[in-house]
Amino acid sequence: MGYVDWYYEKIKKERKIFGAKENGYKVWKDLVTGTCYCISDDDYHRIYKEGAQRLQHYLEEGSLEEMEQLFYGNKRANDADLFPDLPYFMDAKGEIEECARMRDYVCFRTACLYALAYPLISSHAQNSAQNDSDWKRQKDQIRIQGFTWHLAEGAGECPLLEQVEQMLHMQNEIGGCPAAGMADLVKGGLVKIKQYYLETNKIPEIRGASLLLEDVNTEKMKRLVSQEHIRECLVYAGGGKIMAIFPAGAGEDMCRKIEAMVERETVTAQFNFCSRPYQLSRLVCDYKHVVDEMDLALEERQGLRWDFRIEPRLDPDAFFELCNHEGWKKIDGKEKSFCTSCRNRHAVAALTRTGEEEKLCPSCLRKTRAGGRQAKYSRHQEYKRYIERTYQKVIVDDTKSYQKLTDISENGFIGIIYGDANSMSSQISRLQSFMTMRYFSEVTADTVTSIVFQSLYKNLGNRLSFEVIAVGGDDIFLIVPGAKAYDIACAIGTSFDDRFRDKSSGAYQMTMSLGVCITHENMPVQYSFAIAQELLKSAKQKAWQERKKGNAGGTIDWMVIENEMPGGADLDYLRQARPGKPEKTLRPYTWNQAKAMKHFIKKLQDEKSFAFQLRQSWYRHTKEEAELFYEYQLSRKEDTKAECSLKRLAKEFGGEAASHNVVCQGKAYSPWLDAVELWDYTEVCNEKSGERREGREGRKSRN
């Protein structure tokens, strides 16, 4: 087992590995990747000292804002900025400890302090009838004490934090955990998210739904929690889920306020939040059982919910804000017209455009207003800032609006990419505390966003022809140009596997599977996404089979729909074998197999007619006739390129070439159907394919 130098990796952005534990080094295991990290005592104490000195300076100035920036920001200019990311050791005995960061420890202990101190300050507030500014001042004092206690000189003593510290150092030791006060644990989130996205096929509304949910689950959630209590109460918020610790008796009230906020902002998004009281000592020392109990309570509550809201209403102020634009008019309540977008609810507003009247229900109206051009601009600005920060390159403003699928498409085709992490639940089940859960949630969300943006930039360059519908936690939903979809998906999958790999041993911790549907720009997104979902299920089944063989890694399944297909999204029907024929496809692929298929196409880039003839042979000829046809075609060629390429491809799939097929475990597969279908949708398209596509575009523009 190797030990990766944490400080060297942070500063140099390179990996330095020690073969054995070095004297004078602290070691720990990363919670996300399982990597064994190390840092020299000198580096650790220097960073710790500089961070503590900075905190002391902020304490002397009374600058809570600077403390927040230190613990919540991502600035990495010098050693003091690395202080929040230092591992916080809980004095594990004889084992390599799985550490959270200093920022996770500080924020969680501040939440515990607030829960313990709340009865005192709230009763003082009631007795003195103090105003909002006094209440905020008391909350700020608790936060400052939580941020600086035992870290900065002059922070003073705090018996309540002594209790918290004692509890934190006795995690998973229920019998020995000291007594403490009560607290309410709130857990839950948004449900049926994809249903909310895909009530319509209109890109502005899909984008609007995505941004509404993202804003509700991040910024507005943080703002609400900060207004009512303190920000540190929120353990994590992302991927549509939240977990928070509030003072005793405040949990139910916060659930109702969160639900009211979600309903106000999204109108019809479904949600499920639950609050339960616990001894604070049990929350700290019995984390796993507490979370299991909350999950069971949420499951029971979800089964009892009826949350369809057939006739949602907007309050007058919100309705005026949404309709306060030229062209919109309110529909008379007596007029019962269904929404022309989702067709699920009655319309409340109408807009006449290009001679046609568009009628929208409250939910679609909210999505439309949230997902307009300004929203598209803000999403692209976030992407541009990331690329400039990461690559020091500026993406020039693209004059194309990309408001419709026809703007995103390339040669008339778009790609729907739907991805999901494998083994995420097993990784989460290993976590031992709220601090580690906070760390895992934040690191995973930031890493996945980084992977998606980097993959888009690698394949699209300065172009902004994409829609990021969902990137949160382990979930990815993108719309991209059809010709780039396969390559973008492969880049995302391989990067995900690599970034979440154990750097000290090379073992995979979490992997990703993706489904990719490449289809016409005028295909309804709901239908394309349904196919992508089925492809993802197929890819995940492949990943599970590979893990059983000891081959950890992500997988991909894909489909190109150039013509209308019978059978809809039923993969078993579409791919069923015919008697006496080889299997139709080698899909799904591992990442090495996906790369091998691209290499196979590249080697045969001048042989597309040959590949097409072999594909047609599968449909037209018997097994013997197809083999004879293949041998005849090979005999006419002067080189053995096709034969050698087929052998290399078969080897990557764990089989061997037999005539024109790949034989794996006694079963024959035809690689030519896959190759021809994918031919025009990878970076290795040949010039003739490019000329054909240009001709297609020319005909399209003339029409």
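Excluded from the calculations below are hydrogen atoms, water molecules and symmetry mates; all remaining heavy atoms, backbone and side chain alike, are included.
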TODO: Could you go through the salt bridge (charged side-chain N to carboxylate O under 4.0 Å, His left out) check for Lys393 and Glu388 one step at a time?
DONE: CA-CA 5 Å; Lys393 293 183 179 180; Glu388 184 175 3; over 6 Å; no
Task: Smallest separation among heavy atoms of Arg379 and Ser210, with atom names - done: NH2-OG, 3.3 Å
- [ ] Name all pairs fulfilling the side-chain hydrogen bond (donor to acceptor under 3.5 Å, both in side chains) condition that reach into residues 240-252, sequence neighbours left out, sorted by first residue then second.
- [x] Glu252-Arg256
Open item on the list: Between Glu265 and Arg366, does any NZ, NE, NH1 or NH2 come within less than 4.0 Å of an OD or OE carboxylate oxygen?
Closed with: yes
Task: Sub-6.0 Å ring centroid separation between Tyr236 and Phe440 - done: no
TODO: Of all the heavy-atom pairs spanning Thr406 and Ser409, show the shortest one and how long it is.
DONE: O-OG, 3.1 Å
- [ ] State whether the side chain of Asp184 and the backbone N or O of Gly249 hold a donor-acceptor pair below 3.5 Å, judged by distance alone.
- [x] yes
Open item on the list: Just to verify, what does Arg231 make a salt bridge (Lys or Arg N to Asp or Glu O under 4.0 Å) with, not counting sequence neighbours?
Closed with: none
Open item on the list: Please enumerate all residues that pass ring-ring contact (aromatic ring centres under 6.0 Å, His included) together with Tyr391, with sequence neighbours excluded.
Closed with: Tyr457
Open item on the list: For a 4.5 angstrom cut-off between non-hydrogen side-chain atoms, does Ile242 reach Ile258?
Closed with: yes
Open item on the list: When you compare the side chains of Ser538 and Glu534, does any donor N or O come within less than 3.5 Å of an acceptor on the partner?
Closed with: no
- [ ] Using the test side-chain hydrogen bond (donor to acceptor under 3.5 Å, both in side chains), find all partners of Thr110 that sit at least two apart in sequence or belong to another chain.
- [x] none
Open item on the list: Tell me whether Asp557 contacts the main-chain N or O of Ala539 through its side chain, where contact means a donor paired with an acceptor under 3.5 Å.
Closed with: no
Task: Salt-bridge present (Glu410, Lys484; N to O < 4.0 Å) - done: no
Task: Salt bridge Arg143-Glu68, side-chain N to carboxylate O under 4.0 Å - done: yes
TODO: Given salt bridge (charged side-chain N to carboxylate O under 4.0 Å, His left out), test Lys367 with Glu199 step by step and report yes or no.
DONE: CA-CA 11 Å; Lys367 294 174 187 176; Glu199 284 189 320; 2.8 Å; yes
- [ ] Measure the CG-CE distance between Asp420 and Met512 for me, rounded to the nearest 0.5 Å.
- [x] 6.5 Å
Task: Distance-minimising heavy-atom pair for Ala347 and Ile331 - done: CB-CD1, 3.7 Å
Open item on the list: Walk me through whether Cys517 and Trp558 qualify under side-chain contact (heavy atoms from CB on, under 4.5 Å).
Closed with: CA-CA 6 Å; Cys517 178; Trp558 56 272; over 6 Å; no
Open item on the list: Holding to side-chain hydrogen bond (donor to acceptor under 3.5 Å, both in side chains), I want the full list of residues that pass it with Asn217, two or more places apart in sequence or in another chain.
Closed with: none
TODO: Name all residues meeting the side chain to side chain contact (heavy atoms under 4.5 Å, CB included) criterion together with Ala183; count only those two or more places apart in sequence or in a different chain, and write none if there are none.
DONE: Ala115, Ile245, Leu280, Leu283
Open item on the list: Test ring pair (Phe, Tyr, Trp, His ring centres under 6.0 Å) on Tyr486 and Tyr681; report intermediate values, then the result.
Closed with: CA-CA 7 Å; Tyr486 183 81; Tyr681 301 97; 9.8 Å; no
- [ ] Kindly write out the residues that satisfy side-chain hydrogen bond (donor to acceptor under 3.5 Å, both in side chains) with Tyr278, not counting sequence neighbours, or none if the list is empty.
- [x] Glu293
- [ ] Could you label the plane-to-plane angle of the Phe338 and His346 rings as parallel, tilted or perpendicular, counting under 30° as parallel and over 60° as perpendicular?
- [x] parallel
Open item on the list: Strictly by ring pair (Phe, Tyr, Trp, His ring centres under 6.0 Å), give each pair with a member in residues 186-218 just once, sequence neighbours left out.
Closed with: none
TODO: Tell me, please, which residues at least two apart from Glu205 pass salt bridge (Lys or Arg N to Asp or Glu O under 4.0 Å).
DONE: none
Task: Which residues share a side chain to side chain contact (heavy atoms under 4.5 Å, CB included) with Asp215, sequence neighbours left out - done: Glu219, Lys220
Open item on the list: With no hydrogens and no angle check, just 3.5 Å: does a side-chain donor-acceptor pair link Thr340 and Lys359?
Closed with: no
Task: Basic-acidic side-chain contact under 4.0 Å: Lys222, Glu232 - done: no
Open item on the list: Lys194: which residues meet the side-chain hydrogen bond (donor to acceptor under 3.5 Å, both in side chains) condition with it, sequence neighbours left out?
Closed with: Asp475
TODO: Output all residues satisfying salt bridge (Lys or Arg N to Asp or Glu O under 4.0 Å) with Asp446, sequence neighbours left out; order by chain, then residue number.
DONE: none
Open item on the list: Using side-chain contact (heavy atoms from CB on, under 4.5 Å), reason through Lys329 and Glu357 one step at a time and then give a plain yes or no.
Closed with: CA-CA 11 Å; Lys329 68 175 184 179; Glu357 188 176 49; 3.5 Å; yes
Open item on the list: For Phe273 versus Leu298, what's the shortest heavy-atom pair and its separation?
Closed with: C-CD2, 4.0 Å
